[in-house]
Amino acid sequence: MNFDQLKSEWDKENTDIHIPNTIDQLKESKHPIEKIQKNMKKEFIMQVIAVILIAFFPLQLKFPASQYIIYYTSYTMFVVISSYYLFGFYKFYKQTELYTGNTKNSLWKIYHELKLNMERYQSFGFLLLPHFLITIGLFIYNTLLKTGKSLSDLTNTQIFSLILVVLIGTLAVVTSIILWTKYLYGRDAKKLENILNDMEEE
């Protein structure tokens, strides 16, 4: 709207000038962001505790001391990957705290960062799979030893069943990571997207 059009609108009697509701939409966007922050805070604490507790798996599962080197080499990689991810997770959390809801651009930035962090969250879960597969492998190996058997004593059917169980378990973990990410952040990401789309149409 240029100056002449604005003056014309101003001079008209009983004219209702439409005030866009983008301010209300920006305020409304605080709600999903606050929910995201709340979820992230809980998730961060849970993940840190989980990383610490996983260090004690060999004791809980009664692995022989000779296998500690295998387990803790894998666990070291697990901690390195977790630390990198958790640092990025924390940085994004601090970014959401700085959001004031006063500009559309900052809301777009939060939305894109959220989508990126959802992808990172899933990738993080997938990268941890090798450690859990090593842990399961050691557990199965030790269970066989306790019964006086070795892997070479297993029949073809038992080996096939074991591989099938591991594949199904891996697929179940991958699926649960995707579903958990959508459950925690998907709805709020969609809500932000809808708010931003409505603001674009104004």
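Closest approach of Gly88 and Asn117 over heavy atoms only: O-OD1, 4.0 Å. Heavy-atom minimum distance, Pro58 versus Tyr72: CG-OH, 3.6 Å. Across Gln122 and Ile177, no two heavy atoms sit closer than the pair CA-CG2, 3.8 Å.
The shortest distance between side-chain heavy atoms of Phe139 and Phe57 does not fall below 4.5 Å. Residues Phe126 and Ile178 meet the side-chain proximity criterion, which asks for heavy atoms closer than 4.5 Å. Side-chain contact between Glu193 and Lys115 is absent, with no heavy-atom pair separated by less than 4.5 Å. When side chains are defined from C-beta on, Ser74 does not count as touching Phe78, because their heavy atoms never get closer than 4.5 Å. Looking at Leu114 and Tyr185, their side chains come closer than 4.5 Å, going by heavy atoms from C-beta outward. Looking only at side-chain heavy atoms (C-beta outward), Leu138 and Leu61 stay at 4.5 Å or farther from each other.
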Working for side chain to side chain contact (heavy atoms under 4.5 Å, CB included), residues Ile136 and Tyr141:
CA-CA 9 Å; Ile136 290 165; Tyr141 178 76; over 6 Å; no
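Here Tyr93 and Phe89 keep their ring centres 6.0 angstrom or further from each other.
Under the 30°/60° scheme for interplanar angles, the aromatic rings of Tyr90 and Phe44 are found to be tilted. Aromatic ring orientation, Trp108 versus Tyr111: perpendicular (interplanar angle above 60°, classes split at 30° and 60°).
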